[in-house]
Amino acid sequence: QIRLVESGGGTVQTGGSLNLSCAVSGSNIGSYYLGYSMGWFRQVPGKEREGIASSDSDGRPMYIDSVKGRFTISRDTAKDILYLHMTSLRPEDTAMYYCAAEEGLYGLDTLRPEAYDTWGQGTQVTVSS
């Protein structure tokens, strides 16, 4: 069974930066990790979870417009870790951030929460004004 564990959340001031990590563990890590789409999602209370950045099954990144140019998704295939480097943070970026993994997703499907079956427990990001 694949397990995802996020870390790196915290509280920063507007304009600050944070680096989130998502560690992948479980059986057949190499084939799973390299052949699967992985994404970062966020959710605030009372709102639906939204996809913000993804890396498809071929490793191609995709971002929603509100984080484009500020957030960068990357994979360390040697360490089986997915990263989200966040800069120029804004109060509206405050949310619980989750990573997710699923086989064979491409394009806009990689940003759809309902397309993913495997999720981490989340890490809280708070941006103060």
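If you're wondering where the values come from, they're calculated on a predicted model, not measured in any experiment.
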Rounded distance (nearest 0.5 Å) linking atom [atom1] of [X] with atom [atom2] of [Y]:
X: Trp40; Y: Met86; atom1: CH2; atom2: CE; value: 8.0 Å
X: Asn19; Y: Thr87; atom1: CG; atom2: OG1; value: 9.5 Å
X: Leu84; Y: Tyr97; atom1: CG; atom2: OH; value: 7.5 Å
X: Ser128; Y: Leu89; atom1: OG; atom2: CG; value: 10.0 Å
X: Asp76; Y: Cys22; atom1: CG; atom2: SG; value: 12.5 Å
X: Glu102; Y: Thr110; atom1: CD; atom2: OG1; value: 12.0 Å

Are [X] and [Y] joined in one hydrophobic group, where the rule is that I, L, V, M, F, W and Y side chains link up if heavy atoms are under 4.5 Å apart?
X: Val127; Y: Met96; value: no
X: Val24; Y: Val5; value: no
X: Tyr36; Y: Phe41; value: no
X: Val12; Y: Val67; value: yes

May I ask you to test the [X]-[Y] pair for a side-chain heavy-atom distance under 4.5 Å?
X: Arg60; Y: Tyr106; value: yes
X: Thr118; Y: Leu4; value: yes
X: Val125; Y: Thr94; value: no
X: Ser25; Y: Ile2; value: no

Kindly give the heavy-atom pair with the smallest separation between Asp58 and Asp56, and that separation in Å.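 Minimum heavy-atom separation between Asp58 and Asp56: N-OD1, 2.8 Å.
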Least distance between heavy atoms, Val44 atom then Ala95 atom: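 The answer is CG1-CB, 3.6 Å.
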I'd like to know if the side chain of Ser57 reaches the main chain of Leu105, judged simply by a donor and an acceptor atom lying under 3.5 Å from each other, with no hydrogens or angles considered.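 Side chain of Ser57 to backbone of Leu105: a pair is present.
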Determine yes or no for a side-chain-to-main-chain donor-acceptor pair under 3.5 angstrom, with Glu6 supplying the side chain and Cys99 the backbone.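 Side chain of Glu6 to backbone of Cys99: a pair is present.
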Side chains of Ser55 and Arg75: do they bring a donor and an acceptor to under 3.5 Å?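 Yes, side-chain donor-acceptor contact under 3.5 Å.
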Do the side-chain N and O atoms of Tyr116 and Ser37 include a donor-acceptor pair separated by under 3.5 angstrom?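 Short answer, yes.
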Walk me through whether Thr123 and Ser7 qualify under side-chain contact (heavy atoms from CB on, under 4.5 Å). CA-CA 6 Å; Thr123 186; Ser7 61; 5.6 Å; no
Give a yes or no on whether a salt bridge exists between Asp93 and Arg90, defined as a side-chain N under 4.0 angstrom from a carboxylate O.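 No.
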Kindly check if the number of other-residue, nucleotide or ligand heavy atoms within 6.0 Å of CD (Glu114) is above 12?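 Buried by this count: over 12 neighbours within 6.0 Å.
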For atom CG of Leu108, decide whether the heavy atoms of other residues, nucleotides or ligands shown that lie under 6.0 angstrom number more than 12.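 Not buried by this count: 12 neighbours or fewer within 6.0 Å.
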Partner of Tyr63 by side-chain contact (heavy atoms from CB on, under 4.5 Å), out of Ile73, Leu111, Ile52: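 Answer to the side-chain contact (heavy atoms from CB on, under 4.5 Å) test with Tyr63 among Ile73, Leu111, Ile52: Ile73.
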Residues Arg70, Ser88; criterion side-chain hydrogen bond (donor to acceptor under 3.5 Å, both in side chains); working and verdict: CA-CA 6 Å; Arg70 299 189 300 124; Ser88 301; over 6 Å; no
Sole candidate of Arg49, Glu48, Glu50 that passes side-chain hydrogen bond (donor to acceptor under 3.5 Å, both in side chains) when paired with Gln43: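 Among the candidates, only Arg49 passes.
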Ring-face cation contact, Tyr98 with Arg42, 6.0 Å cut, 45° max: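 Judged by the rule, Arg42 and Tyr98 form no cation-pi pair.
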